[in-house]
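Take a look at the structure set out below.
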Amino acid sequence: MRRKHGHLRRGVSLHGLCCSLLPLWLMNDVSDQSALESHFHQSTTTNSANGGCYLKFCAPNPATAGSAAPKMQLSVKDLVESNCLSCVPSEYVCLKTHEDSMLSETETIPTIDFSQLTSPNPNQRSKASLQLAHACRHWGFFMLTNHGVSETLRDEVIRAAHDFYDLAEEEKRKYAGGQLFDPIKYGTSFNPRVDKNLFWRDYLKIHVHPQFHAPTKPPAFSEILEEYCKKSREVIGKLLKGISKSLGLEESYIHKRLNLESGSQLVVINFYPPCPKPEVTMGLPPHTDYGLLTLLVQNELNGLQVQYNGKWVPVHPLPNCILVNTGDHMEILTNGKYKSVVHRAVVNKKAVRISIGTAHGPPLDTVLSPAPELLSDDNPPAYRAITYRKYVQLQKNHPLDRKSCLDRIRL
Ligand code: OGA
Ligand code: NI
C-alpha cells in the first residue's frame, strides 16, 4: 500500500504538499504516469478555515474516468499513515456555524442503573423506570451502569476491532463498495455519495441478527463479536421491556408488536484516526440513529457530543458504562414522546478513537408506525408508516442538511 502511494504521489507531482487524496480504484487500475494524468485534473484551493493551509488535491476527470466506478474513497487511516499530514485536506474541512461551536460543559447526560431497572424489588424498579422515562423523553441519551456486560468482553471487542483495522487495506477492501444492505460493509466518511464534504472516520458495518455475519479475519474477531452481540441483545431486550412499561404498556408490547425475536441488529465499528487539526473537521456529522435503541462502547478517548437545549454536550462516560440512545424508530413508535436526539462525533489529535455501536430495530420489512395505544384525538399520528428497510434507504439517498431523516416522514 505504502509503495503504491509513493508511486502515485510522484505521478501527480504534488510538490511535497500536505495531501494527496486519491480514489482507491485508481490505485488498482492505473499504473503509468500518462494514464494518471489523463484520469485526473488537478485543482488547488486555499482554505482560511484550515489555517490558510495550501491544499492541492486531485479529482477524477469526468471526461476520462471511464466506466470504472469508484470502489471506495481512500480510507482516513491510509490517508493519515501514508502522508506527513500537517493540515486537513480540503475535502474534509467542514464549514461550521456559530451553533456548531456552542458547547455546554455543565450538563451531563443522565445515568440509569440497569440492576435497579431489573431488580426484584418493585420500588427500585419503578424508581428506575421513572428515571428511564425522563432520560428517553428529555435527553434521548443515557449512561447505563451495572449492565452485566463484562469489562473484559468490552475490552476484547474493542481490541478485535482495532485488529481488524490493522489488517492490510486489501483484506478490508473485500468488504468495500457493495450495496446498502450487504451483510458486511467497509467504508469511510458518512455518506460520501451525497455529503458535501468527507468526514474523518472509517467504518465497518455488520449485520449480526437475525443472521450473524463477521469478517473472517482477524481470527478471533467473529467469536468475540458474536459473544458481545448476544450480550448486548440481552441488555436491549430488558431495556425495551422497561421502556414498554415506562410508556404504560404491557412489558412485552414492543417485543410483540415489532417481532423483536427476529429483529435486526447492526454493528457499526467507527475508527477515527488522530487528526492534525481536529477543529476544522468532524468525525461524524450531526445525525440521529435509525432503529429503536443503540448501545455504544468506546476506547479511552472521548468524542461523542449530544445536542441538548441548543448546545452540544460532550459525553464523558463513567468507567465501564454503556452509552444508550433512543433511535428514530423509538420516536416513531412513541409518536414523538421519546426523542431521537441529534448527536455527532468530534476527533482528536492524540490517538485513534474507536467506538462500537449496535443498533437494534425491527426486522427490515416490518412496517413501523406510531403505537395506536399511545394515540388519541389530541395526539394524532405524527409520522407516516414506513418499513425499516425503506427508512434506511431514505436516509442514504439524501444529504443530512442538519435535519433528521425523521423530518421526511413527519405528517
Ligand atoms: C454512530 C455514532 C458516535 C461515536 O455510530 O452512529 O453516533 O461516538 N457514533 O462514535
Ligand atoms: Ni449515531
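All ligand and atom numbering here is 1-based and tracks the order in the structure. The model shown is predicted, which means the values in this text are computed figures rather than measured ones.
- Heavy-atom contacts of Ser355 reach the following atoms of ligand 1: 4 (C), 10 (O) (cutoff under 4.0 Å).
- With respect to the salt-bridge test (charged N to carboxylate O, under 4.0 angstrom), the residues Asp166 and Lys217 do not qualify.
- Rounded to the nearest 0.5 Å, atoms OG (Ser101) and CD (Glu279) are 11.0 Å apart.
- Asn121 contributes a side-chain N or O that, together with a main-chain N or O of Gln124, makes up a donor-acceptor pair within less than 3.5 Å.
- Among all protein heavy atoms, the one lying closest to atom 8 (O) of ligand 1 is Arg353 NH2, 2.8 Å.
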Step by step, would you call Gln265 with Ser232 a side-chain hydrogen bond (donor to acceptor under 3.5 Å, both in side chains)?
CA-CA 10 Å; Gln265 185 183 12; Ser232 49; 3.3 Å; yes
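- Residues Glu331 and Lys339 are not paired through a salt bridge, judged by the lack of any N-O separation under 4.0 Å between the basic side chain and the carboxylate.
- For an aromatic pair to be called close, the ring centres must be under 6.0 Å apart, and Tyr308 with Trp139 satisfies this.
- Judged by distance alone, the side chain of Arg125 and the main-chain N or O of Ser119 form a donor-acceptor pair under 3.5 Å.
- Looking at Arg344 against ligand 1, nothing comes within 4.0 Å, counting heavy atoms.
- Nearest protein heavy-atom contact of atom 3 (C) of ligand 1 is Leu304 CD1, 3.8 Å.
- The closest approach between a heavy atom of Tyr272 and any atom of ligand 1 is below 4.0 Å.
- For Asp289, the N, O or S atom with the smallest separation from the Ni ion (ligand 2) is OD1.
- Residue-level check: among N/O/S atoms of His287, NE2 sits closest to the Ni ion (ligand 2).
- Of the protein's heavy atoms, Leu284 CD1, 3.4 Å lies nearest to atom 2 (C) of ligand 1.
- In terms of polar-atom proximity, Gln298 is not counted as a contact of ligand 1, lacking any N or O under 3.5 Å from an N or O of the ligand.
- The option from Ile269, Asn270, Leu296 that lies nearest to atom 5 (O) of ligand 1, judged by heavy atoms, is Asn270.
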